[in-house]
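Reviewing the structure listed below.
These numbers were taken from a predicted model, which means no experiment stands behind them.
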Amino acid sequence: MTRTWHTASVELVDGYPVRGADGVPTTSVPTARVAIEGGFAHLDIPDTGVVQVVSAPAIRLITYREEARS
């Protein structure tokens, strides 16, 4: 299965931080590539060098614009 990635902002529930671009744990990510798969969000945050995975209950909000279709 191929993941569908979206460029999005992500807000996590308190207590579920991920590593931000500066290396510091954060629950607010202004820009990341995000893919949802099987109840988990895969977060590819720029400049971290890794894809971080969080469970669906850790997500407060994911916001992205749908790409235009031709």
Side-chain angles (χ1 to χ4, degrees):
M1 174 186 253
T2 302
R3 289 187 185 126
T4 300
W5 292 93
H6 299 277
T7 300
S9 63
V10 180
E11 292 179 31
L12 301 171
V13 175
D14 290 340
Y16 292 92
V18 293
R19 187 174 71 200
D22 58 2
V24 176
T26 185
T27 57
S28 180
V29 179
T31 303
R33 287 187 338 125
V34 179
I36 306 297
E37 184 177 74
F40 293 89
H42 299 254
L43 308 178
D44 183 1
I45 301 168
D47 301 321
T48 61
V50 297
V51 173
Q52 300 172 74
V53 181
V54 295
S55 64
I59 303 294
R60 174 170 285 135
L61 178 67
I62 295 175
T63 305
Y64 66 92
R65 293 197 182 278
E66 187 170 54
E67 295 179 13
R69 298 180 190 179
S70 51

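In this structure, R3 contributes its side chain and E37 its backbone to no donor-acceptor pair below 3.5 Å.
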side-chain contact (heavy atoms from CB on, under 4.5 Å) between L12 and I59, intermediate numbers included:
CA-CA 5 Å; L12 301 171; I59 303 294; 3.5 Å; yes
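Remark: T63 pairs with S9, L61 by the side-chain contact (heavy atoms from CB on, under 4.5 Å) rule, at least two apart or across chains.
Annotation: side chain of I45 is in contact with side chain of Q52 (closest heavy-atom distance under 4.5 Å). With contacts defined as side-chain heavy-atom distances shorter than 4.5 Å, the pair T27/R60 does not qualify. The shortest side-chain heavy-atom distance between I36 and I62 falls under the 4.5 Å cut-off.
Using cut-offs of 30° and 60° on the angle between ring planes, the pair W5 and H42 is perpendicular.
Closest non-hydrogen pair, P46 versus A21, comes out as O-CB, 3.3 Å. Taking all atoms of both residues into account, the shortest heavy-atom contact from F40 to S55 is CD2-CA, 3.6 Å.
Applying the side-chain contact (heavy atoms from CB on, under 4.5 Å) test between V10 and each of L43, V54, V18 identifies L43 as the sole match.
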